[in-house]
Amino acid sequence: MNVFSDFSDIVQVEIKALQDAGSLPADLDASRVAVDPPRDASHGDLTCNAAMMLAKPAGMKPRDLAELLATRLRAQELIESVEIAGPGFLNLRLGEDYWRDHLRDVLAAGEAYGDSTMGADVPVNVEYVSANPTGPLHVGHARGAVFGDVLASLLDKAGYAVTREYYINDAGSQVDALARSVHWRYREALGEAMGEMPEGLYPGDYLVPVGKDLAEREGDKWRDGAEETWLADFRQLGVDAMMVQIRDDLAVLGIVQSVFTSERALVEAGMVDAVIETLEGKGLIYRGVLEPPKGKTPDDWEERPQTLFRASNFGDDSDRPLKKSDGSWTYFASDLAYHLDKYRRGFGTLINVWGADHGGYVKRVAAGVTALTDGEAALDVKLCQLVRLLEDGEVAKMSKRAGTFVTLRDLVDSVGRDVVRFIMLTRKNDAQLDFDLVKVREQSRDNPVFYVQYAHARSYSVARMAKEAFPDADFTIEAMQGANLARLTDSDELGLIKVIAAWPRTVEGAAEAHEPHRLAFYLYDLAAAFHALWSKAREDTSLRFVVADDPELTQARMALVLGVRTVVASGLRVMGVEPVDELRA
RNA sequence: GCGCCCGUAGCUCAGUUGGAUAGAGCAGCGGACUUCUAAUCCGCAGGUCGCAGGUUCGAAUCCUGCCGGGCGCACCA
């Protein structure tokens, strides 16, 4: 139901027909021919660049080629007119009935409108959040969480077989620190006078209940043993407790991931060994000495031979170590194991959502994935920039003292899940985002959440008016499909249908580019078009949705209103935002 | 020093994967409430798309080099 891809198909058929007729060379590559919305609505409904793309390979003038295609396209029933403009654009205008029929299709599809088969059930793995299990999620995590979750929903809508995944970094030294912190809290709960918590431990009081719970359940059996006797157990206890809390926090944001992969489990299952074996088989591992980075040699730099992966063969700036000096695997090594694991589980498309501070790590992982899968797997790492919390334009004061910070849960509690989810997508992922705790509560056009929700609520408000004017009439979506849409004749009414009709293309484009923020911008535009029509009717009363003495016209316009509602709801669902029926406070 | 990201109206940002005369919001100015909730809308003004080259029918978009900002840079994750 994507207007643009439908007509792109038609254009391709006509190009083929011209080839068969000998009017065009048989070996033309028409893959870059596109049908797009024109920048300027006065150019028509659709624009096609075929003449410019094919002129040179066909050895023709663009205008002549355009004329050839235009003649064939004019014979199409759905196409009202074809004009050739500028350097050779084909500007197509569709008949009004085409748009009216499209609106009927939207109503029939309901919120499934915009669903696409583009993804062809191809498995895609979206890994996001993956915060270290050493503390609660903070606001910075919220952005990646929402981004990844909505991207997953978007890909699902576009027809991919999506898995939402979380990678638990439970093997490094930071979880040892967690274990010691839990032990410290445990002893504290047993009544020991602990004094100041040592450096390097996690001082946040979120571990207090963990220690207390342990003391109650286990008594003092872990208190006096050497660290080796309790470290592994406390590590697991700590990670489990943190993961319960993290999943809880994510659930508050409406996020439920289906796969949680443990780094430690992967290592213990020998996945790193499998990586080493694979890379060694390809001759990509060697013992060598790395050059220190130019211009910034670390103070404790020492030249020594390491086990290295030839990442530079695959576009990285340097080869990368797989083993630490103590003989254990580097994080990079186990991360490669994780990616190989995902690939072996059947995912040829891997999407990772990371914080921008991990940007320097992308190349080496990409190199590793290319090497391990012989270039079969497509890896896309989406980096999310920082979120700056503001209060009415001023940078919000956050205590940077260890252990106290604004958590994700604080944020959701304060402004609500839907607001957090929507606002996080009002910027491109690689642009810094200002989150103003005051502005997002405002009921004004400044606040995109409100503005879009208001469009949805307004559709209900109009429906109530219609029901009041015609108590016996049926304004359900089913009834609207039978409305006489020929009564929609105003150019702004038809224009609104055209905005609605851009939704499937928006979904496909955003899914393909892995850019969920496009949904938020589209919904804002759709809301604006709807509000504008509503307001226009204030001055030109003949355009009002509810026309007291004309039930047929009212019904046709209600069909349009429901079309808008359907798409707004469809979009908000993908974003994980609950569409509201009423906003009146 | 190297790599990645960014640079678009006074401010905050979009820009449909290379399309036609670069768009929104805010701020500014001027308008519209006996209403279908003005919680909104309309109009005006505002630009060397950081700079300089290049690629081609066509560049904010792709390539190269500068300038400016952010992030990162063996044995942390």
Side-chain angles (χ1 to χ4, degrees), chain A residues 4 32 34 36-40 43 47 49 51-53 55-56 61-62 85-89 91 130 132 134 169 171-175 263 289-298 300-304 306 308 316-321 323-326 328 330-332 334-335 355-363 383 385-386 426-432 434 442-448 450-451 454 457-458 461-462 464-466 468-469 502 505-506 508-510 512-513 515 517-518 521-522 524-525 528 531-539 541 544-547 582-585:
Chain A
F4 302 94
R32 292 189 63 214
D36 294 307
R39 187 185 296 280
D40 191 329
H43 292 143
T47 185
N49 62 359
M52 282 97 75
M53 298 311 299
K56 184 174 279 184
K61 288 181 183 162
F89 288 106
N91 289 337
S130 299
N132 288 339
T134 53
N169 297 130
S173 56
Q174 86 286 359
V175 287
E263 178 188 3
V289 178
L290 285 179
E291 299 274 316
K294 287 197 172 59
K296 198 200 167 185
T297 306
D300 58 346
W301 179 267
E302 52 176 300
E303 272 195 12
R304 64 154 181 283
Q306 292 177 292
L308 298 168
D316 199 0
D317 314 302
S318 156
D319 293 339
R320 302 295 177 179
K323 259 186 189 175
K324 296 189 223 170
S325 47
D326 67 1
S328 64
T330 59
Y331 176 78
F332 176 56
S334 52
D335 212 8
D357 55 339
H358 289 69
Y361 196 71
V362 173
K363 275 192 184 181
L383 301 175
Q385 271 290 353
L386 294 178
T426 54
R427 288 289 175 269
K428 227 168 9 186
N429 59 291
D430 50 20
Q432 184 175 302
D434 285 348
E442 278 174 17
Q443 301 203 329
S444 74
R445 189 169 184 160
D446 301 18
N447 179 359
F450 166 78
Y451 191 71
Y454 183 41
R458 177 166 262 173
S461 150
V462 173
R464 284 190 290 271
M465 300 290 176
E468 241 171 72
R505 183 176 193 272
T506 302
E508 292 186 349
E512 194 173 6
E515 290 187 353
H517 75 278
R518 294 190 194 183
F521 283 91
Y522 168 81
Y524 188 84
D525 288 343
H531 290 316
L533 179 58
W534 193 92
S535 297
K536 190 181 172 195
R538 176 192 311 289
E539 286 164 24
T541 53
R544 293 190 171 192
F545 295 132
V546 179
V547 186
E582 202 172 6
L583 278 164
R584 198 189 291 273

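No experiment lies behind these values; they were computed from the predicted model shown. In what follows, chains carry the letters A, B, and so on, assigned in the order in which the sequence lines appear, proteins first and then strands, with residues in each chain numbered from 1. The figures that follow rest on heavy atoms only: side chains count, while hydrogens, waters and symmetry mates do not.
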| note | The residue, A:E515 or A:R320, whose nearest nucleotide of RNA chain B is more 5′ is A:E515
| Is a donor-acceptor contact shorter than 3.5 angstrom present between the side chain of A:R304 and the base of B:C75? | yes
| request: Just say parallel, tilted or perpendicular for the rings of A:Y524 and A:Y451, cut-offs at 30° and 60°. | output: tilted
| said: Both conditions, 6.0 Å and 45 degrees, for the charged tip of A:R505 above the ring of A:F4: are they met here? | reply: yes
| How far, in whole Å, is B:G46 from B:U16 if one measures between their C1' atoms? | 25 Å
| From CG (A:D335) to CG (A:N169), nearest 0.5 Å | 7.5 Å
| message | Just to be sure I understand: a Watson-Crick pair is purine N1 to pyrimidine N3 plus N6-O4 or O6-N4, both under 3.5 Å. Using that and G-U wobbles, which stems of three or more pairs involve RNA chain B? | response | B:1-7 with B:67-73, B:10-13 with B:23-26, B:28-32 with B:40-44, B:50-54 with B:62-66
| task | Using only side-chain N and O atoms of A:K363, determine if any of them is under 4.0 Å from OP1 or OP2 of B:C2. | result | no
| query | Can you check whether A:H531 has a side-chain N or O nearer than 4.0 Å to OP1 or OP2 of B:G25? | reply | no
| said: Roughly how many Å apart are B:A60 and B:G18, using the C1' atom of each and rounding to a whole number? | reply: 11 Å
| Where does the angle between the aromatic ring planes of A:H517 and A:F521 fall among parallel (under 30°), tilted (30 to 60°) and perpendicular (over 60°)? | perpendicular
| message | Taking any heavy-atom pair under 4.0 Å as a contact, classify A:F450: base, sugar-phosphate, or nothing. | response | base
| said: Nearest heavy atom decides the nucleotide; on that basis, is A:Q306 or A:A171 closer to the 5' end of RNA chain B? | reply: A:Q306
| query | Is the shortest side-chain N/O distance from A:K324 to OP1 or OP2 of B:C76 below 4.0 Å? | reply | yes
